[in-house]
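Have a look at the structure below before the remarks.
Note that this is a predicted model, so its numbers are computed, not measured.
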Amino acid sequence: MRIGLLKPLFHSGERSIKWADFSTARLCEKICRDTCDCYASISENASTVHDLSASYIYCLQSAERKEIMQNLFQKDTIVQLEKDTPYIFDYSSLANIIEARDSTSLLELLRQYFAEMLRQDNNNSLENIKYQLIEFIICSMQELKSSLFSSADIDIQKKEAFRIIGSAHSLSELEEKLFHLFTSLMDQLDENTNPTYSFLIQNALSYVRNNYQDINLSLKTLAIQLNVNAAYLGRQFAIETSEYFSDYLNRIRIAKAIHLLKSSSHKTASIAESVGFANITYFFTIFKKTTGKRPGDFRKS
């Protein structure tokens, strides 16, 4: 069982907390260092209601950071990683770029961030980069939640981001997959302008955006993930989006393929597989049907 203690300290006149409360929080923090079954978070004193709100957010982020860390790293590794100071990133710029749907600037910003992390980490340790990225995801998602997205949307994206960080085996894999995650948020902004989507279809769209690379993704496997009948899901998807599920999935995959054709030197077959097409012939057929062009035409443009 995991116990979480979130204690922002509020001090204003007679409302100062008792020292016993503070001591209890410190004790919990010590327990946290000795076992991975308990975590605690203490923020600085708050003298106004606004400061109290910010203090509480800090506590939440700190507790979340502890939980993610103990899921990804061994205890000794955590102690070593926490000695490093996270790189300070301009999260408002990231939010502005996503709001502007500017994928080119997004890619440049992420590359700048990764380059700075590598510059500060002399050992180029993948574990240290992952540690820095945990901080990046927590803070950037908080910025996006405050300005562009709902809490439910952000919780889904954070879960996916932490899964990416935990499973990645290289820096290039981290950079590429996080870029795709943030571009999917741009797509979601466009879809969020349509308030008529039901909760079911919002979840379906979100799942496709995060898992389009899966060659086994289909209406049937999506229905299993959402715990709903496949035929019903297909009907609702077509009614609410005015698009068949297979057409939507192919459109998302082709859009991602076009980006890779323009921004990388990967072979077309490799790109097709990376966006979810197991059959290169089928990829060419869908590509031509969707764009009216061949993949090679986008290499030249």
Side-chain angles (χ1 to χ4, degrees), residues 94 97-115 157 160-161 163-165 167-194 201 204-222 225 233-234 237-238 241-301:
L94 176 66
I97 287 172
I98 290 177
E99 186 173 17
R101 283 75 156 176
D102 187 349
S103 59
T104 301
S105 295
L106 172 64
L107 185 59
E108 292 176 357
L109 200 65
L110 289 178
R111 284 176 175 170
Q112 173 189 334
Y113 181 55
F114 273 83
Q157 298 299 332
E160 176 64 14
R163 186 195 66 78
I164 289 171
I165 293 172
S167 63
H169 299 292
S170 68
L171 186 63
S172 59
E173 181 183 356
L174 279 169
E175 186 174 340
E176 180 179 352
K177 289 188 175 181
L178 288 178
F179 172 75
H180 288 314
L181 182 136
F182 282 111
T183 52
S184 75
L185 284 172
M186 294 181 187
D187 298 336
Q188 189 171 340
L189 271 181
D190 291 327
E191 290 167 356
N192 282 352
T193 59
N194 186 343
I201 299 307
L205 294 170
S206 179
Y207 189 87
V208 172
R209 285 191 299 268
N210 289 324
N211 297 276
Y212 65 88
Q213 307 98 324
D214 183 359
I215 60 175
N216 296 314
L217 180 58
S218 65
L219 182 63
K220 182 178 180 180
T221 59
L222 175 61
Q225 288 293 326
L233 175 61
F237 195 98
T241 67
S242 301
E243 190 173 20
Y244 290 117
F245 172 78
S246 59
D247 291 338
Y248 173 77
L249 176 58
N250 284 332
R251 180 166 61 82
I252 293 296
R253 285 173 166 172
I254 295 302
K256 301 298 183 181
I258 290 172
H259 169 76
L260 292 174
L261 287 165
K262 289 181 175 181
S263 62
S264 76
S265 58
H266 298 317
K267 293 182 178 180
T268 302
S270 176
I271 290 175
E273 184 177 0
S274 71
V275 299
F277 287 96
N279 185 297
I280 186 64
T281 302
Y282 182 64
F283 169 74
F284 277 108
T285 300
I286 297 299
F287 197 100
K288 179 71 173 180
K289 178 182 177 181
T290 304
T291 68
K293 298 180 180 180
R294 299 171 300 175
D297 295 332
F298 287 89
R299 293 282 197 196
K300 301 171 186 176
S301 62

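- Nearest heavy atom pair, residue Phe179 against residue Leu110, reads CA-CD1, 3.6 Å.
- A search for side-chain contact (heavy atoms from CB on, under 4.5 Å) contacts involving Ser246 returns Tyr244, not counting sequence neighbours.
- Residues that satisfy the side-chain contact (heavy atoms from CB on, under 4.5 Å) test with Glu160, not counting sequence neighbours, are Arg163, Ile164, Leu181, Asn210.
- To the nearest 0.5 Å, the span separating CZ on Phe284 from CG on Asn279 amounts to 10.5 Å.
- Residues Gln157 and Ser206 come closest through the heavy atom pair NE2-OG, 3.9 Å.
- Listed by chain and residue number, Thr241, Asp247, Tyr248, Arg251 satisfy the side-chain contact (heavy atoms from CB on, under 4.5 Å) test with Glu243 (two or more places apart in sequence, or in another chain).
- When all heavy atoms of Ala161 and Leu178 are compared, the pair lying nearest together is CB-CD2, 4.5 Å.
- Remark: Ser105 engages Asp102 in a side chain to side chain donor-acceptor pair (under 3.5 Å) (not counting sequence neighbours).
- Remark: Glu273 engages no residue in a salt bridge (Lys or Arg N to Asp or Glu O under 4.0 Å) (not counting sequence neighbours).
- To the nearest 0.5 Å, atom CZ of residue Arg111 and atom CG of residue Leu106 are 10.5 Å apart.
- With sequence neighbours excluded, the residues forming a ring-ring contact (aromatic ring centres under 6.0 Å, His included) with Phe245 are Phe237, listed by chain and number.
- Ring orientation note: the planes of Phe277 and Tyr282 are tilted relative to one another, at an angle of 30° to 60°.
- Proximity of Leu94 to Tyr113: side-chain heavy atoms (C-beta onward) are nowhere separated by under 4.5 Å.
- Annotation: the span from Leu261 atom CG to Ile271 atom CD1 amounts to 4.0 Å, rounded to 0.5 Å.
- Here the CD1 atom belonging to Ile280 is positioned 10.0 Å from the OG1 atom belonging to Thr285, to the nearest 0.5 angstrom.
- One distance of note links OG of Ser103 with CD1 of Ile98; it measures 11.5 Å at 0.5 Å rounding.
- Residue Arg253 comes nearest to Val275 through the heavy atom pair CG-O, 2.9 Å, listed as atom of the first residue, atom of the second, then distance.
- Among residues two or more places apart in sequence or in another chain, the side chain to side chain donor-acceptor pair (under 3.5 Å) test is passed with Ser170 by Ser172.
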Steps toward side-chain contact (heavy atoms from CB on, under 4.5 Å) verdict (Ile97, Met186): CA-CA 9 Å; Ile97 287 172; Met186 294 181 187; 4.3 Å; yes
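- When the salt bridge (Lys or Arg N to Asp or Glu O under 4.0 Å) test is applied to Glu108, no partner is found at least two apart in sequence or on another chain.
- To the nearest 0.5 Å, the span separating CG on Asp214 from OG1 on Thr221 amounts to 6.5 Å.
- Judged as a side chain to side chain donor-acceptor pair (under 3.5 Å), the pairs with a partner in residues 173-184 (not counting sequence neighbours) are, in order, Glu173-Lys177, His180-Tyr212, Thr183-Lys256.
- Every residue meeting the side-chain contact (heavy atoms from CB on, under 4.5 Å) condition with Lys220, not counting sequence neighbours, appears here in chain and number order: Ser218.
- Scanning both residues, Thr268 and Pro295, for their nearest heavy atoms gives CG2-CB, 4.0 Å.
- In this structure, Phe114 has no ring-ring contact (aromatic ring centres under 6.0 Å, His included) partners at least two apart in sequence or on a different chain.
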